[in-house]
Each structure stands twice: as C-alpha cells, then as structure tokens.
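All remarks here apply to the structure that follows.
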Amino acid sequence: LPPKTKKSGESDKLGGLFRQFNPIEGKMFQVVDQKGEVVNPAWMPTCSKNLLKEAFEWMLRIRTLDLRILSYQRQGRMLTFASNQGQEAAQMGSSFAIDPSKDWVAPAFREMGVWLRQGQSVKQFLQYWNGLEVGFKLSPGVKLLPCCVPISSQNQHAVGLAMAAKYRGEDSVAVAYFGDGGTSEGDFHESINFAAVFKAPVIFFCNNNQYAISVPLKAQTTSRTLAQKAIAYDIPGIKVDGCDFFAVYRCMQEAVAHARSGKGPVLIEAYMYRLGPHTTSDDPTKYRTQEEEKAWAKKDPLGRMRIFLKRENIWSEAWEQSLMKKVNEETDQAMASVEADLVTPLEDLFQFHFRELPAHLRREMEAYKAWKQAHPGE
Ligand SMILES: Cc1ncc(C[n+]2csc(CCOP(=O)(O)OP(=O)(O)O)c2C)c(N)n1
Ligand SMILES: [Mg+2]
C-alpha cells in the first residue's frame, strides 16, 4: 500500500503502516482474524510454508512446555512460575522478525519462547524457575539479558544495549518486552524519551495482556491505547492484535527495519489476554469473570494459527500429537537432569551479577565463607 498522506500535526517519522494505524485513532492492526481468515491481505507478510510450520511448532512448543511446567509446579517439583498461555503469537511474531545472532532481547519474566529462541536451553529455563541462578548464566553468543522482575527496569537496559550497538557502529537492535502494567513505571517513560532523543535502535514491545496481576487495564491508564504513548515522544507506535502471529510479525518487521536503519525507537502494543493466572500463586477467579475468559479463549493465538494452517493443508492431528509428545519427552528429560543436581549454594547470591564483585559484596562473601568454615555441616 502506498503510505497515506500526512495529516497536519502528524510526525514525519511515520511510515506507511504506522500512519495507516495511527494509535491515536484507536485502530488495531490485524491481518488474520480469529476465524483464521485473512482480513488485511495488503499487509500479509511473506511466509514460506517452512516458516509457517516453524511458527506453529514454536507456538505449540511454548504451550506444551507451559502446561508441563504448571503440572510440575502442582506436583511440588517447581517453584512459582509465570505462565505464558495466550502470549505465543506475540512472542513468536516478534522473535521471528529479529536475528538472534545479533539482536539483543531484554525480557520481563513472561517471555519463555523468546528466551528459548535467543538460544537458552529448556534445562536452563527449568533451572531458573527452580531458583538456580546458574539457569541464567548465558551461553556464549546468546544475546539475552536475565529475566527481569522489577517492572520495566529492563527497558533501560535495552536502551543501554542499543546505545552500545550504535556507538560501535553495529546494525543490531534491542527489544525490551514489558507488560501493560509496565507502562505506568517511570522507567518506561525515561527509557523511551532517552531512546528517542538519541535515536537508539530499540523496539519497546508491550504485551498488553489486560492485567497487571489483579489490576485491569482500565484502572491502569486513561489512555485509549498504550501505543498512543509513542506520540508524546514523536516515535512510531502501533496497536496490533497480539493473538495474530501474522500482524505481529509484519509490524515487528517494519519496526526492526525502522530502528536498524538509524531512525530510532518504535513502540508496539500487542493486545492480547493472559489466559492463565498471573503466576502459580495467583487465583484469577477473584478478579475476572468466566464470561470474559471464555470470550478471550476464542481468540487463542495457537487455535488461530492451527485453523490457518488447516486451511493451507499444512496442519494434521498426527503432526501436532507427535510434536507434543517430543516436547513432553524432552522436557521430562531436562527436568530429571535439573532435579538430579538441585543444590542451591549460598555462594550463588554473589555470583552471576558482576564480572568483578564490588568491595562490599566481596567482604560479605568472605565473611560468609569464614563462617561456613567455622560451622561445618550447618
Ligand atoms: C517495580 C515493581 N513493582 C511491583 C512489582 C510487583 N509485580 C510483579 S508482576 C506485577 C504486575 C506486572 O504487570 P504487567 O506489567 O502488566 O505484566 P504481566 O505480569 O501482566 O505480564 C507487579 C506489580 C514488581 N515486580 N516490580
Ligand atoms: Mg499485564
């Protein structure tokens, strides 16, 4: 589609897609609807049959892993876990548009698929959620920051990574993932402002899953969309159907091209629903209705991808079953090897965060070691 003409007051930085779906108009970008029908062929991304298969495999893999981990947790074999169900299309649509060999990811704590696609193993993932810091000792070449629980603080880290790439003259981008709740943090605004001023190649990817624990979106903000917050910083922003792999993939491609070409950051709001609880310690029946959950279940990103692939004669029941079986077997094997070595040394508190320990932490560690020597067996 040719870009629409610029309206008065609109930024010159907006490209065709961002102009057509200007978030201040409350529009949401969608390519494939919940019935699996292509509703916006003009913006359909180019997808080979192999890419479609790969995308479905990844989405199914995340869903299967998620269910397996929830079952370990209920068996008392896993600590608290933050479920990813409902967010698979947003994760894979965005991840497929970056190059894990050069692009950095600064995740929150609900990006299992992105972690794995950046190169972390399932075993490391299970270690992390079992309280083993070693689970986030990154393998060489993996461009992924550790899981970040302090809300939106990872956005600042992503800007730092992007500035480093810019300084070195590399053409990599950094992606910060955060939630709807994260948009109320100062870090969110500070990081976008800084990135916009210095044209840092960052994609701010907001997983708007409608809740920040029990706080619904309407109590989070008076903005009509979260994407419209881009307008204040004069950067491109778009609200996209986060249950639609194709729309997320396409707008992320546009955003990455924008950032990679030196034009600065982009804000994407992926509109979706957290189908599961906030974490395994949460009971969503206390703050949301069954009707609401059922309505969103119909928009399930995995189901939508399945219908689309059925229409393309790519999907079969046997294929799906064999994929699930493989994922479950691999996960059980990884879990067995984690459980065989489930020791959490206190020294881990001092490891992994600094290349060289600061003096005050070194003193604490030495005091701890001396205490341990004096109290063997304790
Ligand atoms: C700075 C900070 N404040 C509060 C918390 C407690 N907390 C953990 S998750 C969460 C909600 C986050 O909601 P959202 O950003 O929408 O992400 P989601 O959990 O929905 O993926 C809160 C408030 C925290 N981790 N960090
Ligand atoms: Mg949320």
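Numbering of ligands and ligand atoms starts at 1, following listing order. In this text the structure is predicted, and so the values were computed from the model without any measurement. Nothing fancy with the numbering, it's 1 onward along the sequence.
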Exercise. Check all N, O or S atoms of D180 and name the one closest to the Mg ion (ligand 2).
Key: OD1
Practice problem: Could you find the nearest protein heavy atom to atom 19 (O) of ligand 1 and give me its residue, atom name and distance? | Solution: R110 NH2, 2.8 Å
Exercise. Check whether NZ of the Lys or CZ of the Arg R304 lies under 6.0 Å from the centre of the six-membered ring of F246 and within 45 degrees of that ring's axis.
Key: no
Quiz item: Where does the angle between the aromatic ring planes of W129 and F81 fall among parallel (under 30°), tilted (30 to 60°) and perpendicular (over 60°)?
Solution: perpendicular
Self-check item: Nearest-neighbour protein heavy atom for atom 25 (N) of ligand 1, which is reported as residue plus atom name and distance
Solution: V149 O, 3.0 Å
Quiz item: Do L267 and P236 touch side chain to side chain, with heavy atoms closer than 4.5 Å?
Solution: no
Exercise. Output yes when a side-chain donor or acceptor of D103 lies under 3.5 Å from a complementary backbone atom of V173, and no otherwise.
Key: yes
Practice problem: Please determine which of F96, F245, F308, W319 meets the ring-ring contact (aromatic ring centres under 6.0 Å, His included) test together with F56. | Solution: W319
Self-check item: Protein contact of atom 4 (C) of ligand 1 - nearest heavy atom, named by residue and atom, plus distance
Solution: I151 CG1, 4.2 Å
Quiz item: Is the Mg ion (ligand 2) less than 2.8 Å from at least one N/O/S atom of Y211?
Solution: yes
Self-check item: Distance from atom 17 (O) of ligand 1 to nearest protein heavy atom, with residue and atom
Solution: G179 CA, 3.7 Å
Practice problem: Could you tell me whether the Mg ion (ligand 2) has an N, O or S atom of N209 under 2.8 Å away? | Solution: yes
